[in-house]
Each structure stands twice: as structure tokens, then as C-alpha cells.
Amino acid sequence: MVVKVAIDLALDRLFTYLVPEELEKKLAVGQLLLVPFNHRHARGFALEIADAPDEGIKYKLKPIEGIADEIPFFSASTLKLVKLIASYTASPLETVLKTALPAAVLKPGAKAKAQLFVDYLPLNSSLSLTKRQQWLYDQIVRLDGGWMSFLCRELSTTPQSIKALAAKGLVEIASRAKRRNPLSARKILPTKLLKLNNEQATALNSINSLNSGGALLLHGVTGSGKTEVYLQAIAAELDAGCGAIVMVPEIALTPQTVQRFASRFGDKIAVLHSALSDGERYDEWHRIRSGEARVVIGPRSAVFAPIKDLGLIIVDEEHETSYKQDETPRYHARDVAVMRANIEGAKAVLGSATPSLESWMNVKSGKYSKAVMTERAGAGTLPNVLIVDMSEGGSPGRIFSSQLMEAIGVRLDRREQVILFLNRRGYSRSVVCSGCGYVANCPNCDLAYTYHKSDNCCRCHICGGWVEVPKKCPECGGLFDFKGIGTQRAEAALKSCFKEARVLRMDADSTRGKNSHDDILGAFRRHEADILIGTQMIAKGLDFPNVTLVGVLNADTSLNMPDFRAAERTYQLLSQVAGRAGRAELPGEAVIQTYNPSQNAIRLAAKGDFSLFAEEELKEREEAYFPPYCHLSVINLRSQAPELVANWADMYAKSLMKVKDLTVGEAVPSVIEKADGWHRWQIVLRSAKVSTMINAWKWLTKVRPSPNGLKITFDVDAFNFL
Ligand code: ADP
Ligand code: ZN
């Protein structure tokens, strides 16, 4: 018998070992093995077991040294998933395996924490006990035993006193693994099932009757009660003996979110997120593998959680870009969730108020089913949305419209709170007229040009086309502005307009410290400030009952991103931002400032008509040949030598242009042209099939391997175009 092993060195190949006869019966795929490797001891995962080695193996086979853990780390189906991801994202198998397993689990020396546990034994009446000992024994019985440390604290006693009882055979003290519980510091209050409204009941029904292996898009407006539907769908799975995974974007993985699940399912919950200690992560992962925990809640990587008999995977806020990993392997956790459900015969539920157009398209083509929830379930109504055309009246380049000023004033008088939102993420590289808001666009791709300072031109980041920066705006003759307004400038302007208002600012600069994020939000929640101004950080998931006005200072920043999903992102952002107002009894209002009031993303977000937006946007995507009508991937190249990267990018692009069924743009300097001394270029590929581009890419890097000093990554189904 031989076994093929993946060794943790990202070599992208498996090594074959002999299996000693005494281990043959114990060996299983997915186990962690000890193997000799280059005269060293190494660890690796058993991926395939066979009777004989493949033909053509040149090296002399050595036997494995042992099995590190007989319980597999990966099930056969997870291994299947891992292989699929490796091939779909063109990543080494070893890197995907590493991604699928928390590092804390494999860390040398990682183990469960043992502590002393005290259990009581039947009272033997022939014993003579002191009064104090009798009392102590009775108390331990009352508490049904417990951890030594807990009993000593609770009963104000010492380990010696309890050990004295053990010596008399009244209690038993043993070492047991004690869970390092990430939830232990929190008081979890139980909640009861809510009676579902009609829309929720219909949605739950659709989920319960979904075929195994199938996927459903739950399109429910903010506050429509998607979470309650998830909770009841999970409860049904648990009743049927199945487990569930709930994926949420990292930023939404707040104590409140976890609380909602923990209060329903108690100890059956395991939490995986980036703030866990290594010990907590180790224990949570083992609780999942052992079957003690049956519901996992976590971000992107939770999709790999080793839940047995998986019945349901929920991807909440499925449109969120944080589900796409920005390093190798560049997988999309939503797509992986659907794949996993398919492999394991589970159901996948993708929830969102603003679904991704990929998922929308999958519903249209019949791949996913769909459930819709159009009304808020609890308190609160969807806010009124007012669009303000910034090109009308006032001075060019102003920050606040008179409508927004007035609305803020009203809130301050009523002692209600305001959130102001300013998206700065755009690096302000779009070429925007400061007078009328005109944006220079690529005529081929209908996509905002990106300004490149080094040669003072505008480039399209899809097709590579370019023009010189126009001297004057062709619409109004105004001048172009590249700077844009930052949160700090807006904060200053706000303070000078409303001298009495208490203002908090939240952006990447003001939240550097460890807790400042929570500190700022906590202060705002306690009404220690009237206005919170910030970047996209404040757009999501926050629930402040006293906020009745949300202002978007410049909706165009995100609209003008050099990203074919800019309109989609803008719609998502506006509907999330508007969703912050009117969460409780007080009705809410949203004011959106823009130079492009007639753009679908803005006009339809204000109306809350996502279906129409999706249909209109799909037409444009089809016309311009963008996803979901094709796959679009990016080759990113970087080097410290500017000519090297420019020449190779150009050469690669030209070679790829010869490949059949592949649409290749000219190589362009990336939006962020230089970072940490590295010059960055990119090439955009489009094709009907992912395999077409991956094969082309593999062929090219084989015949023209990149030289020293040039780093290349291939980002399949890319989301990040900076
Ligand atoms: P979503 O996840 O769709 O944004 P939530 O699940 O957060 O919505 O629900 C919004 C509010 O509505 C919550 O406060 C929740 O407790 C309440 N809610 C949900 N379902 C019901 C129901 N069936 N009856 C009463 N209140 C509900
Ligand atoms: Zn173009």
C-alpha cells in the first residue's frame, strides 16, 4: 500500500510513501502523517491511498513514520472541495489545505487545556466527617460537581479541603480538557422563537423544501427578519440530526450577532473569527470536529469548518466583497459554500438585501431558487430618501447642500442623532469636473477613466485605452478636480456650521488603537455625540435606535470607481447606509448628495427598487461583456524595476491576445501605480470559461517563466481592481 501526501511547503505536488503493514488498517485519507522528507521529519496530509505507486516515479519510496492523529483533519468531501478550489483558482493544493485549517490547530505544541474536575461519589455512611466536610460535600452535590477552580471560588474553600474529601473516597478528582470558551465572558440570555410573518414563513418553507445540494437566494430588505428565518431553518436541521454553518462578513461578526445565535442554540454553537486566541480557536475547531458543536458561525474561512452531516450553509450578506480572499488561494467563500453544499448534499442559503448580480443571474437561469421578503418584520419603517442634485445652486465643490444642512439642524433641535457618510475609498483618481460632476469615461467600456499622474493621462483599466486629461470639462467648461473631500475636511466644515453639535469621526485614521472602533461606537450609542461622520466602516450592520437621519455626502465617489461593479457597489452602499436610519420607532430619512441623480444606481436605490436596478444593470453588463456574462480575471504584476514590469506586462498581454476565446486588455499600470517601492501593472482577461484563461495562463508562464525580481499573481473572478 502507498499513500500520496501533501507536505506543507507549497510545492504543488504530492509525494508518495510506502505504508508499513501495521499501519495499513489505521490509515485514512485526511489524516495528519509523520513522514521523512529530505533527511528531516515533516508532517503532511494523506490525500490518496493506493495499492501501488503511479508509474514513472523516479525517487526511491520511503515508508511513512507514523500517523500523528487517527481522526482525519479533512473529510473525503472536504478534500474534494480543496482540490476543486486549487484548480479553479490556479493555486497550490498545499496552500488551499492551509487555508482550510486554522493555523492554531497545527501549531507545534497546540493542545487542549487540561484542568482538574471534581465529581462526587455516593456518601458512605460509615465515614466520620467533620461538620465542615459534610457541608462541603453537600455543596458539591448541590452544584453537581464542577471545575476545581470554580468550586474553590464558589464555596470559598481550598483545593486541599477538596482533596481531603477525595482521600476519603467521597469525591473523585480527574484531569479533563477544559474549553477555552470565546463566549464565556458574555451573559447569554435565552430568546424564544418569534412567530414568523407570512413572508418569513414562505421563505422558511422554501428553504426546508429545497433539494439537497441546491441553493436558494433569500432576497430580503434590511430588517425583514432574515436572521429569524436562518435561526428556524437551523433548528429544523438540528432536529433532523444535521449541522449548519453560518457565514457572516467579519465586520458583522459582532457580539450582538453571535449573541443572537448563542441564545437560541447555546453550547451547540462554535465561533470562529479573527479575534480568537490560538487556544480558543484550537478548542472551537476540535469541538466542531468531535461533533460537540453543531452550528458554526464565522467569516469566510468558516466555510471549511469540519461539521459532520452538514445540512445547511447560510451565507449572510452574500454580496459582500470580504467573502473573496485577497491572497492565494483567491477563492470566493460564497461560491465555495454552494460547491460544498453540492458535494455534501446540504442546502445553501444566500441572504442579502442587495444580492450580487452573479447570484441574481443564477436565479434567472434556474440554478438557484429564490425567496423574497419585502417588508420590515419588527419595529421601524424603511426611510424616506431624498436625492439632492449638487450641480444645482450653491458654489462648486461645496460639501453640504442646503437640504442636508436643514435636515441636520432639525435633528439637533429634536435631540436625535445623525450619521454622515463619506466614501473616500476611491483614491480620488477619477477625473471629475468640480462644476457639474461630469466624469471622463472610456467610450468602449463605459467605465470611469483613472487618472495617472506620471504621464498626466486617463486610462481605462479594462481595455487599456487612454486619452490625455481634457483641459476643460466638455459639458460645462469647468475645471477637473483630483483631490476630493476627505472625512477630516468634512468634519471641520461641520463643526464650523454647527458649533454646538458634538461630532465623532470614524475612519481608518481615527480607529488605529485597539478598541477605538468600539469606543467610538459605544460613545455614539450612549448619545455622547450628535453626529457620527465616517467612511464605509459605518455603513454596515450598526443599529442605533436614535439615528433618524443619514446623509451621504458624495454618492459619486463609489460610482466613479474604475470597477465594472461600481454601480452595483453604489446601490449596495446607499441601501445599507439608508438602512441605518429608522431602525426603531422613530421614522428615518436619508439624504443623498450626487452630481448624477439620474444614474440607475442612485435613482433606484432611493426608490428601493432592486429588481429593476438589477435588470437594467444586467443589460449594460451584457452589452459591455462583463460578468456575470463572462468571467473576468486579473493578472497582477509587480517589480521594483519599473521597466522590467512594464515590458513583461506588455509581452504577456500581447502573447495572451493570440489565445482563442479569450478577450485580453492592454497591460496598464494599476490604479495604485506604486506601493512600498513596487511598481504595479495589470492585465484584464475575459472569457466564457475560467478554464480557458487558466490554461492560457499556465501555458504562458511555462513557456515564458517570469524572471527574477518580477512577481505575478493570477486573480480569478477578480473583485479588487486597485
Ligand atoms: P435582517 O437580518 O433581515 O436585516 P433582522 O433579522 O435583524 O432582519 O430583523 C429585524 C428586526 O425584526 C429584529 O429586531 C427582529 O427581532 C425583528 N423580527 C424579526 N422577525 C420578527 C417576527 N416574526 N416578529 C416580530 N419581530 C421580528
Ligand atoms: Zn475601456
Side-chain angles (χ1 to χ4, degrees), residues 330 426-432 439-470 480 482 559-567 620-627 629-639 641-675 678-688 690 692-694 696-697 699-701 704 706 710-722:
R330 295 180 156 75
Y427 285 84
S428 303
R429 294 287 180 79
S430 42
V431 184
V432 186
V439 179
N441 254 338
C442 168
N444 293 330
C445 308
D446 198 18
L447 194 76
Y449 276 130
T450 297
Y451 175 62
H452 286 260
K453 201 171 166 192
S454 48
D455 47 5
N456 197 41
C457 70
C458 319
R459 288 180 201 275
C460 169
H461 276 252
I462 295 291
C463 70
W466 64 275
V467 292
E468 275 175 28
V469 175
F480 286 102
F482 305 102
L559 203 55
N560 297 338
M561 291 279 286
D563 180 339
F564 69 89
R565 292 190 180 88
E620 295 188 8
R621 298 272 183 95
E622 186 169 22
E623 232 161 73
Y625 193 47
F626 281 134
Y629 293 93
C630 66
H631 288 274
L632 186 151
S633 303
V634 178
I635 296 172
N636 289 299
L637 305 95
R638 65 196 159 96
S639 170
E643 262 132 59
L644 181 80
V645 61
N647 291 339
W648 277 77
D650 192 50
M651 187 276 290
Y652 275 144
K654 295 226 158 69
S655 311
L656 287 167
M657 282 173 194
K658 296 182 192 130
V659 177
K660 214 173 126 255
D661 299 330
L662 193 65
T663 306
V664 182
E666 299 269 358
V668 281
S670 307
V671 177
I672 302 168
E673 288 179 66
K674 200 175 162 195
W678 292 81
H679 299 265
R680 307 168 74 242
W681 282 65
Q682 66 186 39
I683 304 165
V684 174
L685 311 180
R686 282 177 280 179
S687 75
V690 166
T692 310
M693 21 198 177
I694 290 188
W697 171 242
W699 157 77
L700 186 60
T701 45
R704 300 297 305 267
S706 67
L710 181 66
K711 296 217 172 4
I712 312 183
T713 57
F714 183 84
D715 188 359
V716 75
D717 291 341
F719 273 72
N720 182 353
F721 298 92
L722 298 180

>> Taking side chain to side chain contact (heavy atoms under 4.5 Å, CB included) as the definition, give me every residue that meets it alongside Ala649, ordered by chain and number, with sequence neighbours left out.
In response: Leu637, Ala667, Trp681

> After noting the C-alpha distance and the side-chain angles of Cys463 and Cys442, does the key distance pass the side-chain contact (heavy atoms from CB on, under 4.5 Å) rule?
Replying inline: CA-CA 9 Å; Cys463 70; Cys442 168; 3.8 Å; yes

> Taking only residues at least two apart or on different chains, which pairs with a member in residues 656-666 satisfy side chain to side chain donor-acceptor pair (under 3.5 Å)?
Replying inline: none

>> Return the OG to CD distance between Ser670 and Gln682, rounded to the nearest 0.5 Å.
In response: 4.5 Å

> Which is it for Ile635 and Leu685 under the side-chain contact (heavy atoms from CB on, under 4.5 Å) test, yes or no, and what are the steps along the way?
Replying inline: CA-CA 8 Å; Ile635 296 172; Leu685 311 180; 3.9 Å; yes

>> Using 0.5 Å steps for rounding, measure from the CZ atom of Phe714 to the CD1 atom of Ile683.
In response: 10.5 Å

>> My understanding is that only residues two or more places apart in sequence, or in another chain, count here; which of them pass side chain to side chain contact (heavy atoms under 4.5 Å, CB included) with Ala641?
In response: Ser639, Leu644

> Closest approach of Val664 and Ala653, non-hydrogen atoms and distance?
Replying inline: CG1-O, 3.8 Å

>> To the nearest 0.5 Å, what is the distance between SG on Cys630 and CZ on Arg686?
In response: 6.0 Å

>> List the residues meeting side chain to side chain contact (heavy atoms under 4.5 Å, CB included) with Val439, not counting sequence neighbours, and say none if there are none.
In response: Val432, Ala448, Asn560

> Minimum heavy-atom separation for Tyr625 to Ala688, with atom names?
Replying inline: OH-N, 3.5 Å

> In chain order, what residues pass the salt bridge (charged side-chain N to carboxylate O under 4.0 Å, His left out) check against Arg330, with sequence neighbours excluded?
Replying inline: none

>> Which residues pass the ring-ring contact (aromatic ring centres under 6.0 Å, His included) test with Trp648, not counting sequence neighbours?
In response: Tyr652

>> Within the 4.5 Å heavy-atom criterion, are Ser655 and Leu700 side-chain neighbours or not?
In response: yes

> For Phe564, what residues pass the ring-ring contact (aromatic ring centres under 6.0 Å, His included) criterion, not counting sequence neighbours?
Replying inline: Phe626, Phe721

>> Let's go through Arg680 and Val645 carefully: what are the C-alpha distance in whole Å and the side-chain angles of both, what is the deciding distance for side-chain contact (heavy atoms from CB on, under 4.5 Å) to 0.1 Å, and is it a yes or a no?
In response: CA-CA 7 Å; Arg680 307 168 74 242; Val645 61; over 6 Å; no

>> So, using side chain to side chain donor-acceptor pair (under 3.5 Å) as the criterion, who are the partners of His679 when residues are at least two apart?
In response: none

>> Run the side chain to side chain donor-acceptor pair (under 3.5 Å) test against Asn647 and tell me which residues pass, sequence neighbours left out.
In response: none

> Considering all heavy atoms of both residues, which atom of Met657 and which atom of Gly665 are nearest to each other, and what is their separation?
Replying inline: CE-O, 3.7 Å

> Who pairs with Arg621 by salt bridge (charged side-chain N to carboxylate O under 4.0 Å, His left out), at least two apart in sequence or on another chain?
Replying inline: Glu568, Glu617

> Does the cation-pi check pass for Arg565 over Phe719, that is, NZ or CZ under 6.0 Å from the six-membered ring centre and within 45° of its axis?
Replying inline: yes

>> Between Leu632 and Asp717, is the side-chain contact (heavy atoms from CB on, under 4.5 Å) condition met? List the steps.
In response: CA-CA 5 Å; Leu632 186 151; Asp717 291 341; over 6 Å; no

> Excluding sequence neighbours, so at least two apart, what forms side chain to side chain contact (heavy atoms under 4.5 Å, CB included) with Ala696?
Replying inline: Leu656, Val659, Leu662

> Which heavy atom of Tyr449 sits nearest a heavy atom of Pro443, and at what distance?
Replying inline: OH-CD, 3.4 Å

>> Restricting to side chain to side chain donor-acceptor pair (under 3.5 Å), what partner residues turn up for Lys711, sequence neighbours left out?
In response: none

